[in-house]
Amino acid sequence: VMSVTNPSFASLGGGGFALVKMGKEAEILDFREKAPLATHEKYFTDKKKSSSYGGSAVGVPGTPAGLRALHRKHGRLQWSRLFTTAIQMAEKGFRVTGGWHDDTLDGMERFDSTAQKLFLQNEKPLKPGTVLTQKALARALHLFKNRQEAGFYSGLVAQDIVRTVNARGGDMSLKDLSSYKVAWRKPLIKEYEGHKIYLMPPPSSGGLVLHSALSIVEKVKAREKTPLSVDELHLLAESLKLAFRSRSLLGDPDFVTNPIDRLLSEKYLSEQAKLIKSDKVLKLEPLKEDEWLQKKKESPETTHISVLDAQGRAVAMTITLNLNYGSGVVTDQFGIALNNEMDDFATKPGEANEFGLVQGTNNRVEPGKRPLSSMSPTLVEKDGKVVMALGAPGGPRIITSVFHILYRTLTNKMDLDRAIQMPRVHHQFLPNKVFVDSDSRFAPESLEGLRKKGHEVEESWMGLGFAVQNKEGVIHSAFDSRSEGAASGL
């Protein structure tokens, strides 16, 4: 349904991750996009192509394969039943919201001609309340329903994707689509405040950064500081800074060996925590890749859905196109909005991507490789039973949002809704500045206190937290008031 109602971030032309626990073991479903086979390390420098918009920005979509794999392994309802509402809304239409209008306004500068015809009227986004019909997309959903993966990765839809991407300056083939496969992986695990937290492994950076940040705040005893005090915010920001510093070393585990064990070792994390000073800001150089990396032997805009039942069965799933409407490319025949996940690679060494992240060589472009992600679907377990499922959209601020929700609920013992709405600070190492909520959630005195400690402070947007929690047998769910969302109990 969200692929119909939210083409800016939930289209079938994107990808994502799901963290699932249905029995004793938690597992990761990786349906992240892949680089087309025609790409290479110097694809964006030699050919001077864009990784942000147009066909060259499009990675091979993974969402359809991910949804089918998830259903094949854990689905209870008949596959065809899952399409009824989606197809109906595509054929008969739905009224667009204010959030839909704003997302479209944000992404329209990258729109190709097909996107303009579908989502604009008189060169402006459809007004809130306007009915949007997508009959072409309904036909694609029918093919996906009836032929499953083959309905998307071969035949008419695949031909439409390849033809459109290449007409917009990309290099995708039918083989790119027919050879796409999901990957099942094992989660990272962090013991924290009497709970077991299941976290994302690479090709997401979220798990390593969250594990590191939670470990460092423990060691610097941030819990002893008053919530939202300058001293607490300083420790949280510095902990996030050190945790994000490790991100540049990561890449697709099918292509590189990630130094996870070293980065999460007690020795290394203790050394990092000792660097933090209570009265001033750390100024550090990036980690030196040649001291950490070895070759693998043979080897933004986003949404999140959290589901938890009374038996502790849980799914935390994050899906994305990267920026709003991704590449701005919409397929000509079926109206499928396509991602711009190629920008999540280190496309131009030393240069920041659209989210200000400077990436390392482990994340360079290679054919069939998955780009590094910040998506962080997360599960929290107590006494063998999942008690919280959470995640967020928002580029690197995804990680920060999840970090704050975990810290506020497990450390500060806040209720779920309050934890999600609390003001947040974000630090991603580069640039060396603290980003704070831009909607006046902080008192001016707090921001001035951070500046006195040496922080460069900038008001900015934050990620959006979506979570569900089982607290003493009662299910609580909450969404982030920073934007649109929904929470329900059935």
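Note that the structure is a prediction, hence the values are computed from the model and not measured.
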Parallel, tilted or perpendicular: rings of Phe479 and Phe466 (30°, 60°): parallel

More than 12 foreign heavy atoms under 6.0 Å from CG of Asp261: is that the case here? no

Polar side chain donor-acceptor pair, His304 to Ser306, under 3.5 angstrom: yes

Beyond-backbone contact of Val402 with Leu210, side-chain heavy atoms, under 4.5 angstrom: yes

Residue pair Leu308 / Val386: nearest heavy atoms and the distance that separates them: CD1-O, 3.6 Å

Decide salt bridge (Lys or Arg N to Asp or Glu O under 4.0 Å) for Asp279 and Lys453; before the verdict, give the C-alpha distance in whole Å, the side-chain angles of both, and the deciding distance to 0.1 Å. CA-CA 6 Å; Asp279 58 343; Lys453 288 182 182 289; over 6 Å; no

Indicate the ring-plane relationship of Tyr180 and Tyr153, choosing parallel, tilted or perpendicular according to the 30° and 60° boundaries. parallel

Side-chain contact, heavy-atom cut-off 4.5 Å: Val387 with Glu381? no

Taking NZ, NE, NH1 and NH2 as the nitrogens, is one of them in Lys21 or Glu25 under 4.0 Å from a carboxylate oxygen of the other? no

Nearest 0.5 Å, please: how far is CD1 in Ile398 from OG1 in Thr302? 4.5 Å

In terms of heavy-atom contacts, does NZ of Lys413 have more than 12 from other residues, nucleotides or ligands at under 6.0 Å? yes

Grab the two heavy atoms, one from Ala90 and one from Leu141, that are nearest each other, plus how far apart they are. CB-CD1, 4.5 Å

Under the side-chain contact (heavy atoms from CB on, under 4.5 Å) rule, what do Thr85 and Val1 come out as? Steps first, then yes or no, please. CA-CA 7 Å; Thr85 303; Val1 170; 3.9 Å; yes

Please determine if Glu232 and Arg408 form a salt bridge, counting it only when a charged side-chain N lies under 4.0 Å from a carboxylate O. yes

Judged by atom type as modelled, is there a donor-acceptor pair below 3.5 Å linking the side chain of Ser229 to the main-chain atoms of Lys225? no

For the ring pair Phe31 and Phe17, is the centre-to-centre distance below 6.0 Å? no

Quick check: do Ile197 and Glu191 have side-chain heavy atoms less than 4.5 Å from each other? no

Would you find a donor on one side and an acceptor on the other, under 3.5 Å apart, between the side chain of Ser265 and the backbone of Tyr268? yes

We want to know whether Gln78 and His71 form a side-chain donor-acceptor pair, criterion being a heavy-atom distance below 3.5 angstrom. no

With no hydrogens and no angle check, do the side chains of Ser401 and Arg424 hold a donor and an acceptor under 3.5 Å apart? yes

Between the side chains of Ser460 and Arg397, is a donor N or O closer than 3.5 angstrom to an acceptor N or O? yes

Met462 versus Ser438: any side-chain heavy-atom pair under 4.5 Å? no

Heavy-atom nearest pair, Phe152 first then Ile336, reads CE1-CD1, 4.0 Å

Spacing of Leu269 atom CG and Leu263 atom CG [to the nearest 0.5 Å]: 8.0 Å

CG of Leu250 to CD of Gln359, rounded to nearest 0.5 Å, is 10.0 Å

Should Asn470 and Met388 count as side-chain neighbours, where that means a heavy-atom distance under 4.5 Å? no

With heavy-atom distances below 4.5 Å as the criterion, would you say the side chains of His404 and Val425 are in contact? yes

Sidechain-backbone polar pair: Asp106 side chain, Asp102 backbone, donor-acceptor under 3.5 Å: no

Whether Arg441 side chain and Gln421 backbone form a donor-acceptor pair below 3.5 Å: yes

Donor-acceptor pair between Thr97 and Glu484 side chains, under 3.5 angstrom: yes

Contact summary for Tyr198 and Pro187, nearest pair of heavy atoms: CD2-CG, 3.8 Å

When you measure from the side chain of Gln428 to the backbone N and O of Leu430, does any donor-acceptor pair fall under 3.5 Å? yes

Short question: side chain of His427, backbone of Leu242 - any donor-acceptor pair under 3.5 Å? no

d(His455 NE2, Leu447 CG) to nearest 0.5 Å is 11.5 Å

Determine, stepwise, if the pair Lys280 / Glu238 fulfils salt bridge (Lys or Arg N to Asp or Glu O under 4.0 Å). CA-CA 10 Å; Lys280 61 182 179 181; Glu238 293 291 88; over 6 Å; no

Within 45 degrees of the axis of the six-membered ring of Trp79 and under 6.0 Å from its centre: does Arg68 put its NZ or CZ there? yes

Let me confirm one number: the OH-OG distance from Tyr325 to Ser11, rounded to the nearest 0.5 Å. 10.0 Å

Scan Ser3, Pro7, Pro61 and name whichever one has a side-chain contact (heavy atoms from CB on, under 4.5 Å) with Leu12. Ser3

Below 4.0 angstrom, N of the basic side chain to O of the carboxylate: do Asp344 and Arg32 qualify? yes

For the pair Asp30 (side chain) and Ala183 (backbone), establish whether a donor and an acceptor sit closer than 3.5 Å, ignoring hydrogens and angles. no

Identify the two heavy atoms, one from Ser239 and one from Val217, that lie closest to each other, and give their separation to 0.1 Å. OG-CG1, 3.4 Å

Under 3.5 Å, is there a donor-acceptor pair between the Asn340 and Ser327 side chains? no

Is it true that Glu27 and Lys73 make a salt bridge, defined as a side-chain N closer than 4.0 Å to a carboxylate O? yes

Going by the angle between their ring planes, with limits at 30° and 60°, are Tyr407 and Phe403 parallel, tilted or perpendicular? parallel

Any idea which heavy atoms bring Ala243 and Ala213 closest together, and the distance? CB-N, 3.6 Å

Asp417: what forms a salt bridge (Lys or Arg N to Asp or Glu O under 4.0 Å) with it, not counting sequence neighbours? none

Without hydrogens or angle criteria, can the side chains of Thr361 and Glu289 be said to hold a donor-acceptor pair below 3.5 Å? yes

What I'd like to find out is whether the side chain of Pro64 reaches to under 4.5 Å of the side chain of Glu149, using heavy atoms alone. no

Residue among Lys369, Arg185, Lys181 satisfying salt bridge (Lys or Arg N to Asp or Glu O under 4.0 Å) with Asp254: Arg185

I would like to know whether Ser374 and Arg247 meet side chain to side chain donor-acceptor pair (under 3.5 Å); could you show each step before the answer? CA-CA 9 Å; Ser374 295; Arg247 187 185 188 277; 3.2 Å; yes

Donor-acceptor contact present, side-chain Lys274 to main-chain Ile276, <3.5 Å: no

Quick one: CG on Leu321 to CG on Asn339, what's the gap to the nearest 0.5 Å? 6.5 Å

Does any N or O in the side chain of Asn6 come within less than 3.5 Å of the main-chain N or O of Ser8, such that one atom is a donor and the other an acceptor? no

Any side-chain to backbone donor/acceptor pair from Thr104 onto Trp100? Under 3.5 Å, distance only. yes

Is there a side-chain contact between Ile475 and Gln469 in this structure, where contact means two heavy atoms from C-beta onward sitting under 4.5 Å apart? no

Has Arg418 got more than 12 heavy atoms of other residues, nucleotides or ligands less than 6.0 Å from its CZ? no

Test: Arg482 cationic atom under 6.0 Å from Trp461 six-membered ring centre, within 45° of axis: no

Is it the case that Arg223 and Thr411 place a side-chain donor and acceptor less than 3.5 Å from each other? no

